[in-house]
A.B. asks: 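Starting off with a structure, shown below.
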Amino acid sequence: MCGIVGAVAQRDVSQILLEGLSRLEYRGYDSAGIAVIDNGKLRRIRTVGKVRELASEVNKTVLPGGTGIAHTRWATHGVPSVANAHPHVSGDIAVVHNGIIENYAEIKDKLVGEGFSFESDTDTEVLVKLVDYYLRTEKDLLSAVKTAVRELKGAYGAAFINTKEPGHLVLIRSGSPVVIGVGLGENFVASDPLALMPVTHRFIYLEEGDIADISRFDISIWDSQGNKTERTTINSDYVSVGDASKGKYHHFMEKEIYEQSVVIPDTLEGRVNNGCFLPDSFGARATELFKKTEHVKIVACGTSFHAGMIAKSWIEEYVGITADVEIASEYRYRKTVVQPDTLFITISQSGETADTLAALRLSKNQGYLGSLAICNVPESSIVRESEMVFLTRAGREIGVASTKAFTTQLVALLLFTGSIGKVKNRIDSETERVMVSSVERIPEYINEVLKQDNGIVKISLDFVNKRNALFLGRGVMCPVAMEGALKLKEISYIHAESYAAGELKHGPLALIDSEMPVIVIAPRNDLLEKLRSNIQEVRARGGVLYVFASDNCGFQDAGNMKIISLPTVPDVISPIIYTVPLQLLAYHVAIIKGTDVDQPRNLAKSVTVE
Ligand code: G6P
């Protein structure tokens with residue numbers, strides 16, 4: 001999703017800004033732009049497409065200047081085009097903006113009445129024109145921004161510059177994260193610290209409603225009440241965690257799939273010991289809160305939602321308390337009934353997903369026992385606003401399609417299940433020992449699955465000309481099927497659906513023919529015999545099957561049925577292990593189709609607008 005980078009320095013900043021933008025590419029975007037103040041004049045270049053296209057335009061000219069802002073845009077209002085790309089300009093002012101100004105139409109009407117005209121279809125242009133309007137009466141950019149934000153509704157992180165005030169940058173935050181990078185005699189801003197890694201590791205995170213005035217030697221911050229405030233400067237290790245290069249791999253997604261057997265032990269480190277779960281790894285208050293917990297409400301989006309669905313099965317099976325899972329964008333807009341003694345859990349790789357964050361904020365006044373975040377980014381908003389936090393240690397995930405973040409979330413949720421079960425005396429010590437030893441063997445099983453890569457490449461060829469695919473599973477494998485379908489549609493653009501195999505006869509059987517590959521997730525478990533019957537239902541109708549099965553299930557290749565033989569693993573970890581071959585399937589189909597695997601069209605890594 002949109003990315004912001006900005007700088008005030010003595011040196012020319014255009015190359016720093018371009019490097020920052022390229023570090024944000026993984027978030028997903030469709031156009032890019034840059035503006036610098038060159039001798040009191042604003043120089044702006046914008047392009048549709050990749051940052052390298054912007055860089056090549058910038059490199060055709062000389063773009064000197066120590067004050068500048070840059071942006072990657074993911075279209076919300078208005079198509080991807082040069083006119084809609086940021087920075088947007090009004091008079092002497094330029095802005096880059098993430099988020100959505102919800103009342104832009106109303107403000108636009110007012111500004112048109114004041115004689116302003118508009119060149120783009122964006123909500124952002126309203127922001128810069130509004131500030132320009134107030135600059136007619138206010139003494140400087142900062143005061144004009146302070147006045148303008150009072151009128152804004154919606155979510156924004158934005159950075160402004162003014163050609164009349166070179167060496168100054170004004171930064172605002174409400175609903176979209178922004179960070180200040182503290183340098184030596186130079187300062188920077190960005191929507192994600194990763195953008196600023198080459199220039200600093202010292203960061204100040206703005207809080208909701210903050211406004212900052214940033215110059216080379218000074219950073220002044222005002223809170224939402226307009227009071228001058230201080231925010232902590234932190235030295236971030238996180239930005240150096242997770243090598244941001246592909247190494248020997250062709251794509252970040254491939255690297256991240258292979259990294260799973262390494263980051264899972266990292267996630268386990270210090271969280272289990274001697275065959276025991278350690279509930280304290282969920283925070284100092286975890287034991288007290290887990291004891292009281294009688295229900296769990298899980299809220300998340302995308303892949304993280306699928307992790308929640310799997311956790312529901314685990315929690316109900318092993319702990320015997322109810323667990324509800326909801327998509328955050330639904331949860332936040334409906335009236336909910338909160339049972340007494342319910343723990344609220346958010347799951348988020350980025351910790352910045354707008355809907356999940358909004359749901360967390362909403363939950364605070366709804367009578368929950370407390371909130372727990374399962375998250376991969378230590379300094380994210382969701383982490384900072386949750387009472388208890390369990391960090392997955394997947395390292396930076398760059399591929400838009402989530403892989404290692406998902407499996408580490410599952411590990412975290414399995415540890416949660418074990419820990420709450422233990423605290424509530426629902427899991428005996430033998431079950432605990434077996435669960436912990438199963439979890440510890442996940443990396444070994446993943447490595448076995450990864451050895452099937454060549455076999456998966458072969459079946460991937462069959463998918464290339466297909467327009468649809470159906471994923472089937474039963475029980476805890478239903479959400480695994482959902483995740484497999486999501487991976488395939490995200491990166492190969494093949495329409496993929498998932499179904500509980502028992503539901504086949506209630507609709508999807510009508511779709512079965514030789515053009516609809518059916519992927520079945522079939523580990524050896526109590527539901528296997530039921531699943532065999534569902535497989536027969538497909539075969540009887542001429543369907544083409546790809547069965548990802550445990551090696552001791554007795555399935556054999558036959559006619560229109562291909563078997564991908566996988567290790568037989570303990571039930572409790574099978575959702576984690578059986579996800580990996582589905583990630584590989586999606587990856588190889590996408591490679592053969594030649595899509596942009598790491599940055600699939602129209603998608604974003606971190607969805608910071610609702
Ligand atoms: C986007 C990403 C997905 C991710 C989802 C939720 O759609 O492309 O990979 O699962 O957002 O993101 P979160 O960071 O909250 O897990």
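Residue numbers count from 1 along this sequence. The model shown is predicted, which means the values in this text are computed figures rather than measured ones.
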A.B. asks: Is there a side-chain contact between His168 and Ile161 in this structure, where contact means two heavy atoms from C-beta onward sitting under 4.5 Å apart?
C.D. replies: no

A.B. asks: For Ser90 and Phe116, what are the C-alpha separation, side-chain angles and deciding distance, and is it a side-chain contact (heavy atoms from CB on, under 4.5 Å)?
C.D. replies: CA-CA 9 Å; Ser90 181; Phe116 283 88; 3.9 Å; yes

A.B. asks: Does a donor on one side chain sit under 3.5 Å from an acceptor on the other, for Lys50 and Gln599?
C.D. replies: yes

A.B. asks: Just checking, is any N or O donor in the side chain of Asp140 or Ser143 under 3.5 Å from an acceptor N or O on the other one?
C.D. replies: yes

A.B. asks: Can you name the salt bridge (Lys or Arg N to Asp or Glu O under 4.0 Å) partners of Arg231, sequence neighbours left out?
C.D. replies: Glu207, Asp210

A.B. asks: Between the side chains of Asp92 and Thr163, does any donor sit under 3.5 Å from an acceptor?
C.D. replies: yes

A.B. asks: Measuring from atom NE2 of His88 to atom CD1 of Ile69, what distance do you get when rounded to the nearest 0.5 angstrom?
C.D. replies: 10.5 Å

A.B. asks: Side chains of Ser220 and Asp213: any donor to acceptor distance under 3.5 Å?
C.D. replies: no

A.B. asks: With no hydrogens and no angle check, just 3.5 Å: does a side-chain donor-acceptor pair link Arg384 and Tyr205?
C.D. replies: no

A.B. asks: Is the closest side-chain donor-acceptor distance between Gln583 and Glu483 under 3.5 Å?
C.D. replies: no

A.B. asks: Would Lys108 and Phe118 count as a cation-pi pair here, with the cationic atom under 6.0 angstrom from the ring centre and within 45° of the axis?
C.D. replies: yes

A.B. asks: Please determine which of Arg202, Arg11, Arg216 meets the salt bridge (Lys or Arg N to Asp or Glu O under 4.0 Å) test together with Glu186.
C.D. replies: Arg11

A.B. asks: Side chains of Pro600 and Tyr493, heavy atoms from C-beta outward: is any pair under 4.5 Å?
C.D. replies: yes

A.B. asks: Is it the case that the side chains of Ser304 and Gln409 hold a donor-acceptor pair, with the cut-off being a distance below 3.5 Å and no angle test?
C.D. replies: yes

A.B. asks: Over all heavy atoms of both residues, which pair between Ser386 and Thr346 is shortest? Give the atoms and the distance, please.
C.D. replies: OG-OG1, 4.4 Å

A.B. asks: Between Ser381 and Glu352, does any side-chain donor sit less than 3.5 Å from a side-chain acceptor?
C.D. replies: yes

A.B. asks: Would you please say whether a donor-acceptor pair under 3.5 Å links the side chains of His251 and Tyr587?
C.D. replies: yes

